[in-house]
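Read through the structure below, which is laid out as structure tokens, and then see the notes.
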Amino acid sequence: MTEQQRETPAHRYDAQLADTIETTWQARWKDAGTYHTPNPAGSLTEGPADGPTDLATRPKLFIMDMFPYPSGTGLHVGHPLGFISTDVYARFKRMTGHNVLHTMGFDAFGLPAEEHARSTGVHPRENTEANIANMSRQLARLGLGHDDRRAIATTDVAYYRWTQWIFNQIFNAWFDPETQKARPISELEAEFSDGSRPTPGGRPWAELSISEQRAVLHEYRLAYVSEAPVNWCPGLGTVLANEEVTAEGRSDRGNYPVFRRPLKQWMMRITAYADRLLDDLDLLDWTDSIKTMQRNWIGRSEGAHIDFRVPTASDETGEVATIQVFTTRPDTLFGATYMVLAPEHELVDHLIADAWPDGTKDAWTGGAPSPADAVAAYRHATSQKSDLDRQENKTKTGVFTGAYAINPVNDTSIPVFIADYVLMGYGTGAIMAVPGQDERDWEFAEAFDLDIIRTVQPPADWDENAAFIGEGPAINSGFLDGMAIADAKSAMIDHLTEIGAGEGTVTTKLRDWLFARQRYWGEPIPIVFDDDGNPISIPDDQLPVNLPELIDWAPRQLDEDSQPEPPLGRADEWKTIEFDFGDGTTTYARDLNVMPQWAGSCWYYLRYIDPESDDVVADPTSEKYWMGGDDADAGGVDLYVGGVEHAVLHLLYARFWHKVLFDLGHVTTKEPFKRLINQGYIQAYAFKDERGIYVEAAEVEESGDGYRFEGAPVSREYGKMGKSLKNAVTPDDMYEQYGADTLRLYEMFMGPIDQDRPWETKSVVGSMRLLQRIWRNLVDEDTGELTIDASPASDDLRRSLHKTIDAVRTDMDALSFNTAIARITELNNELTKLDRPTPEEVADPLVRMIAPLVPHVAEELWNRMGNETSVVYAEFPTADPSMLVDDEIEIPVQIKGKVRSRITVPADADDATLEAAALADPRIQELIDGAEIRKVIVVPGRLVNIIA
RNA sequence: GCCCGGGUGGCGGAAUUGGCAGACGCAGGGGAUUCAAAAUCCCCCGACCUUCGGGUCGUGUGGGUUCAAGUCCCACCCCGGGCACCA
């Protein structure tokens, strides 16, 4: 025996042994299909070869992680935190009799692969697949119990075929305001056709040409084409995403100028679903903060549309122009002293007066000789401002249009301005300004010397130079005077409705979803255009529309006057295609846009359910089973874990698609994700030297007076883990030093799932030690023999065991893995102190309890203990209730709320017994010393408090 | 500015309905074992005072309710996140 061997016992649980155990079991699980989850019908009805055969008849549980983007840099230890949590929970639920669906996919379309292709010439697909392979390897080594048959990538042609199919569903649907539901567009067409719904122009449907019919239907579709501005960068010959444009309006890459250009773009009518997206939040088991974020994003506000006539101007049809405003405060209409339109408002051109009217104040003209000049100059100035400028510089600016509008409630003539504090994208892009009750209007009125009329009585001590937003009686408001705000609002709305000058309405901040991207690496939009530019969807049976294999990445130097062109426009042969849509074979132009990255992640949960079906997006029986379609509540994925950065967009878009599919009968639940948890982030310390350069965090040493790197002092920061801060720790490092089970255990022990936490490699050893101690309590380190025997445990130990089981079950259910681990540690510490072999009646449940957390070492111990089937499907231990109560308990005795002594009493002692025992305690008697006892508070089982 | 979270030992964090603050772990200290060290096992570990029995203070700050407050109420400070001229 060599020196080395004598020093380390041959059967110690260390990194080498962990590695052997982990890779061995991973291979065996893979062979047996241990994590194969059976569907109740259709495809994938096969379960595990080494598990129970009745899984598909058990209660279901659908657990999901927000799937990752397969980045080229691979994982660091922060990434899998959520994945481990869901895996532990899934494993726990498998052991409590559930059929658990848990798998993993990749959100693999997106800019980085395209950028990588651009710089290296490697096709995005090749690069993406290599990254997926690497990341899959890193994740597999963690021992995640995923059903790998269900793994998908959004870039798989077989997957994006169905993404395109869903696009077609949405395109071929309209939102019926009567039923508040999406319906097939064919039903709308039928109504037009049989005359039950009048056509927009009044002509009979049959008299419209096919092109005209398409144009009419297009106005109703849930996916529609509209002009929207894009960031066109001629220097790169491409359109850029907002995040690729610098604050100076230049391209992030290359620093070329970027121009805002209108382009025909796909939009999705998510605004139609605003109310349902808002209301159904109540059905969801999500945190209040996420619900609030979604509510704020949707931004529903109730108010009124009010029409102001502008007698001096006419609109496009020659009628007297009418400015419609949206206001949440119709009760303040008597205080409207001017109006403001967004500079881009289409009515502005019709309003501009030929010359400044009498009474125009100097401040209103912007120094221009005529309204037209003033408006032109102001619009130009506004267009030069970046969004950031507009956000940061909130000084009110604007110019008078020379026009006056009539306040419909009192016929007062009020000036009409344009100003950039009114946004085109919200409400009607025009406001009535009521400086008395609005801070922004007050500021503008002060700057432009406009009248201010208060219409709500402020309290006596109110600053007379400030707008008053609060509650109070109406004043200066004719028939509203004296009313509270709510009453005044409804009285005004009634009045406006009666005189035909307005009506109550609702507006949302939510805009329709801009769905087109002018990129290459995304799902092609399955649309062609006829000669009149009407979009037609490619029939479902001809999907998928494959991405063309073009890759001409060389930037094209184009001039400033060039038109925006998506990359697919370069695929000359692909650009056009022949079709026969019933009016003869014709050549059609394909849509050249691709979908945004959100698209693939909007519905992947459905494909997890049934990744193989060719004829249906997901088998209906399986869909209903996994999504819980019979529930009266929202239904959906039972647990969805992911980062809070997707609180709004991803979750809102996915909910929207799901609701459309629900309306059209393709899914059976109202909501996609019943329960949502946002896991916290693992952050890490980073260190900078005196030059301010980051140094390798792993090599920094702590000394008494601070931190040192190669002897020189460094300063410590705290932030995201990553390459740039030189503080990344990879799972591979941890596998090598400790093994996957230790990494899993440490990440789960660090703190509650939803909290950010600092990574500390030096603390990982604590989790390793727990596993070593458990191992040592069950296996002899020198011989490898089990150190378990069949003789019964002591009563105390048995009680500890059952209390542990009880607590661990509760904690696991609540995803409180950190406290579950603490309880297991306590039990194991008791075993360590035992001067006898571990009783089997404790060893068996202990191994079961650790199995969800550290599946490999648990499986190894389970196997060594003589079990022939996998611990993965073993039953989780259940506590014996009679073992949870002690015969005797120690409770504190307080005098005036301070603990002065402790007494040991029978657990079921009543109040009188407790009081007597407390007063009889020698220490208490000594302290009371004959003083008068005024009151004794007894909380059975908890404490006695004596007020003396 | 508005809306959400959150402030507990040197560190990560525990603490049912208001009922023994600091479970569990890391770091630190002491002991056993060892020729020695590592590993392992045992003990201590909020601060201050102490006659070593114990006492006083202590959960961001200041008030309050209560027999009893980390927990409830009021005011404030700090940190993190979201939104931001949304009429």
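Below, all heavy atoms of this structure are taken into account, side chains as well, without hydrogens, waters or symmetry copies. Protein chains get the first letters and strands the later ones, always in sequence-line order, with residue 1 at the start of each.
- Here the closest non-hydrogen pair linking A:S477 and A:F334 is O-CE1, 3.0 Å.
- Between B:rC85, B:rC3, B:rU40, one nucleotide has an atom nearer to the side chain of A:N296 than all others, and that is B:rC3.
- Across B:rC72 and B:rU17, the matching P atoms stand 11 Å from one another, rounded to whole Å.
- Residue A:I947 is classed as a sugar-phosphate contact, given heavy-atom separations below 4.0 Å to backbone atoms only.
- When the C1' atom is compared between B:rC26 and B:rC45, the two are found 13 Å apart, to the nearest whole Å.
- Side-chain contact of A:T832 with A:N777: a donor-acceptor pair under 3.5 Å is present, judged by distance alone.
- A side-chain donor from one of A:T271 and A:D512 sits under 3.5 Å from a side-chain acceptor of the other.
- Closest to the side chain of A:E826, out of B:rC20, B:rA23, B:rA68, is B:rA23.
- For A:F444, the ring pair (Phe, Tyr, Trp, His ring centres under 6.0 Å) partners two or more places apart in sequence, or in a different chain, are A:Y338, A:F417, A:Y421, A:F448.
- Candidate nucleotides B:rA87, B:rU40, B:rC85 were compared by shortest atom distance to the side chain of A:R769, and B:rU40 ranks first.
- In the model, A:Q324 has no side-chain atom that pairs as donor or acceptor with a side-chain atom of A:T428 under 3.5 Å.
- For the salt bridge (Lys or Arg N to Asp or Glu O under 4.0 Å) condition, no pair includes a residue of residues 745-773 of chain A, sequence neighbours left out.
- Partner assigned to B:rC83 is B:rG1, using Watson-Crick or G-U wobble distances below 3.5 angstrom.
- Summarising the geometry, the separation between CZ on A:R823 and C1' on B:rA23 is reported as 8 Å, rounded to the nearest angstrom.
- Nucleic acid contact for A:E443: none, since no nucleic acid atom lies under 4.0 Å from a heavy atom of the residue.
- Here the P atom of nucleotide B:rA87 and the NZ atom of A:K396 are 14 Å apart, to the nearest Å.
- Taking atom P on both B:rA21 and B:rG60, the two are 16 Å apart, rounded to the nearest angstrom.
- Heavy atoms of A:T287 sit nowhere under 4.0 angstrom from any nucleic acid atom.
- The distance between atom CD of A:Q894 and atom P of B:rC20, rounded to the nearest whole Å, is 8 Å.
- Relative to the side chain of A:D438, the nucleotides B:rG25, B:rC20, B:rA87 differ in distance, and B:rA87 lies closest.
- Using a 4.0 Å heavy-atom distance criterion, A:R934 is classed as making no nucleic acid contact.
- Between the CD1 atom of A:I431 and the C1' atom of B:rA87 there is a distance of 6 Å, rounded to whole Å.
- For B:rG18, the base adopts the anti conformation, since its glycosidic angle falls more than 90 degrees from zero.
- Looking at A:T382 and A:D420, their side chains never bring a donor and an acceptor atom within 3.5 Å of each other.
- The interatomic distance linking A:Y426 (OH) with B:rA87 (C1') rounds to 7 Å, in whole Å.
- Annotation: of the two residues near RNA chain B, A:I821 and A:K896, the 5′-most nearest-nucleotide partner is A:I821.
- In this structure, A:L853 places its CG atom 18 Å from P of B:rC24, rounding to the nearest Å.
- Aromatic ring centroids of A:F468 and A:W442 lie 6.0 Å or more apart.
- Rounded to an integer number of Å, the gap from A:L17 CG to B:rA39 P is 19 Å.
- B:rA32 and B:rA37 have their C1' atoms separated by 15 Å, with the value rounded to a whole Å.
- Taking A:H345 as the reference, nothing meets the ring pair (Phe, Tyr, Trp, His ring centres under 6.0 Å) condition, with sequence neighbours excluded.
- Comparing atom distances between the A:V765 side chain and each of B:rA27, B:rA87, B:rC20 picks out B:rA27 as nearest.
- In this entry the base of B:rG30 is anti relative to its sugar, with a glycosidic angle more than 90° from 0.
- Using Watson-Crick or G-U wobble geometry with both donor-acceptor distances under 3.5 Å, B:rC72 finds its partner in B:rG64.
- A:Y653 is linked by a ring pair (Phe, Tyr, Trp, His ring centres under 6.0 Å) to A:W513, A:W598, counting only residues two or more places apart in sequence or in another chain.
- Nucleic acid contact for A:R773: sugar-phosphate only, since backbone atoms but no base atoms lie under 4.0 Å from a heavy atom of the residue.
- In the set B:rA87, B:rA27, B:rG19, the nucleotide with an atom closest to the side chain of A:S301 is B:rA87.
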Completion exercise
B/S/- along nucleotides 43-60 of chain B (protein heavy atoms under 4.0 Å) is -----------SSSS---
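- Summarising the geometry, the separation between CZ on A:R12 and P on B:rC41 is reported as 9 Å, rounded to the nearest angstrom.
- Listed for the A:R799 side chain is a donor-acceptor partner under 3.5 Å among the backbone atoms of A:V885.
- Residues A:T322 and A:D307 bring no donor and acceptor atom of their side chains to less than 3.5 Å of each other.
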Completion exercise
A correct 5'-to-3' footprint of nucleotides 4-18 of chain B, with B, S and - meaning base, sugar-phosphate only and no protein heavy atom under 4.0 Å, is S-------BSS-B--
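- If you check B:rG46 for Watson-Crick or wobble pairing at under 3.5 angstrom, you find it paired to B:rC57.
- Rounded to whole Å, the separation between the C1' atoms of B:rU59 and B:rC20 comes to 15 Å.
- Annotation: B:rG19 and B:rA69 have their P atoms spaced 11 Å apart (nearest Å).
- For B:rC85 and B:rG22, the C1' atoms lie 49 Å apart once the distance is rounded to whole Å.
- In a base pair of the Watson-Crick type (N1 to N3 plus N6-O4 or O6-N4) or a G-U wobble (N1-O2 and O6-N3), with each distance short of 3.5 Å, B:rA23 is matched with no nucleotide.
- B:rU65 and B:rA14 are spaced 27 Å apart, taking the C1' atom of each and rounding to whole Å.
- Phosphate contact (OP1/OP2 of B:rC41, side-chain N/O of A:R776, threshold under 4.0 Å): present.
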